[in-house]
There are 2 protein chains.
Amino acid sequence: MSGGEFDLIARLVERMPPPGPQMRVASGDDAAVTEPRGTAAATTIDTIVEGVHFRLPGFPLEAVGRKALAAALSDLAAMGADPGEAYVSLGAPESLGEDELLRVGDGMAEVAAREGVTVAGGDVTRAPALTLTVACVGYERRGTELVTRAGAEPGDVLAVTGELGGAAGGLLVLDGLDDEGALRDRQRAVLASRQLDPRPRFAAGRALADAGARAMIDISDGLGADAGHLARASAVRAEIDLGALPLGEGLVGLLGDERRARELAAGGGEDFELLAAIGHERLEEAVTAVEGLGGRLTQVGRGVQGEGVSIRDADGGEVEPRGFDHRPGRPRPGPRGGAHQ
Amino acid sequence: MSGGEFDLIARLVERMPPPGPQMRVASGDDAAVTEPRGTAAATTIDTIVEGVHFRLPGFPLEAVGRKALAAALSDLAAMGADPGEAYVSLGAPESLGEDELLRVGDGMAEVAAREGVTVAGGDVTRAPALTLTVACVGYERRGTELVTRAGAEPGDVLAVTGELGGAAGGLLVLDGLDDEGALRDRQRAVLASRQLDPRPRFAAGRALADAGARAMIDISDGLGADAGHLARASAVRAEIDLGALPLGEGLVGLLGDERRARELAAGGGEDFELLAAIGHERLEEAVTAVEGLGGRLTQVGRGVQGEGVSIRDADGGEVEPRGFDHRPGRPRPGPRGGAHQ
């Protein structure tokens, strides 16, 4: 970074929404100081790196900022937490000028304002590739308990919010790998937005917690992998019905084949929807609560005694819960929040 | 990262000290969950990048882990906080194998154990250069207030803990730029350790807070720059006496010239000592308190009405508070904790 670094920092800070009431000391000191809020704090850290999680050019710079913050917040939504503060480290390559870095900041500010998050501190450094690390703090709501991955029981329903496969499909659209005639412009835009503007499901996470969800996880590694994380933490076996997965609109058209679309939904990752384990007797209440928010909750499987995860098609055949190789020659991104494993 | 990533994460986690009593959910879920501790939380984020903040080979991998955590913790020490949790993102180049990444983890675990910090979560991803981002949470002690940069008043004494210039001198030693004959091996080792094993000054920070320090900052950008940050936040002018600076042992021998040693102490950075503003009437109490910990507190200047910072030599000449160009051809590292500015 040049001597203009302090100017850059000041211009980034002024883009962010004003500090929330819980901040005693916001940006500008050795550390930010927060007053207690809620009864427990949930904290997570996530990094996205150019060339690994996104590619420049092609991925708009605002979308890099949006995605970095939204992906980190998604981990808090998956606990039924309220959002609190974000701390951001920006690694900037010399090839990007100040105006371009401010566009990254704009995208982050957009998500911070929409989700009610205070960007309370940060760091800026040179780096060989554009790198954003976001540490986020969320809070347990009074009268509720944060929902971990570890509470699912045999007999529980496994249900997902929203639709799956859209983020992986969006990457194909962004890479120009979709057949021009197969999709309407609107479908193409909706799929791309799953990559460029992912939404942490805070409202659904709270509603699911209130409806008695016993375990939750966000679908960042792909449903198969994340169901496996939940199953391991809960000491149950997760059985997923491939045919039950709610597919993003346009996904079948994009892949040209429903089976391939379903495999993408099972393995694609980065959907940032929630997977919850819910007692069978409370499923209807949970579905109604999520629909009341304008969302969707779909039963995709169940927890049974045992371990591991299986994904089965209508013929009873087992589907390998692998990621879709949506960027030929590109290694698969590592799982997010990895060290939480 | 390869398919061995989960193994790597598990092996990193098992190296860390066990979670402290404040952890309700440690590593292994979407987010780590902490129970309230103290009356306010101080949170900071810092990144170190290969090629910017350290160079491989030459900088031992354990030292990279130590330095990343110690530098982040230093920001909390500068508020008089107790250490709490750390969240770590490791960006790993493909050129480093698992055994080498574990050495980074070993260094971090060493500091976590020594300072009583819980490494409560993390992320591992591929990156073009070894990159460590550490977000740290510390806590206000009951009955005390966290000390910001903003409370210094005209008339206050400015005092520093420990010795200055050692970290910049250590870099010269590590780069082999010291004249073989000038230093004894022990001096060389002490200077190098200021780079390879910096110590956050928690005990001194607490003692200074208890002795009424009105403002504090850690010396990570160099005394001149950090006195400037404190002066701006406090709306005072900082006057520093070059001749009063406590020099690391061997620094004069290394530089071959006392004046150059003093300039390095004023501008070198990365010393991670504390600069405090203290009412004149409480200086003796503060000195005694820090000496009681086996440390040292030295008056180096004072706050006066006005703004900015001046560093003067015995003749009254003004010294430019610039960083020492200790790595020819290498851009100066950006200030740490920059976005806090």
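In this text the structure is predicted, and so the values were computed from the model without any measurement. All chains are named by letter (A, B, ...) in the order of the sequence lines, taking the proteins before the strands, and each is independently numbered beginning at 1.
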Contacting moiety of [X], where chain A heavy atoms sit under 4.5 Å:
X      : result
B/A41  : both
B/Q22  : neither
B/I217 : both

Side chain of [X], backbone of [Y]: donor and acceptor closer than 3.5 Å?
X      : Y      : answer
B/T144 : B/R141 : yes
B/D29  : A/R149 : yes
A/S74  : A/A70  : no

Checking [X] against chain B: side chain, backbone, both or neither under 4.5 Å from a heavy atom?
X      : result
A/A233 : neither
A/V49  : side chain
A/T131 : neither

- Using a cut-off of under 4.5 Å on heavy-atom pairs, state which of A/M216, A/E35, A/M79 scores highest against chain B.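 Going by pairs under 4.5 Å, I would pick A/M79.
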- Message: I'd like to verify something: which residue of A/A135, A/G91, A/A150, A/P128 has the highest number of heavy-atom pairs under 4.5 Å with chain B?
- Response: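 The answer is A/P128.
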- Message: When you compare the side chain of A/V33 with that of B/T148, does any pair of heavy atoms fall below 4.5 Å?
- Response: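 The answer is no, as the side chains (C-beta and beyond) never meet within the 4.5 Å cut-off.
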- Begin with the C-alpha distance, continue with both residues' side-chain angles, and end with the deciding distance and a verdict on salt bridge (Lys or Arg N to Asp or Glu O under 4.0 Å) for A/R11 and A/E98. CA-CA 9 Å; A/R11 294 184 67 190; A/E98 180 165 314; 2.7 Å; yes
- Query: Going from CG on B/D226 to CD on B/E273, what distance comes out if it is rounded to the nearest 0.5 angstrom?
  - Reply: 12.0 Å
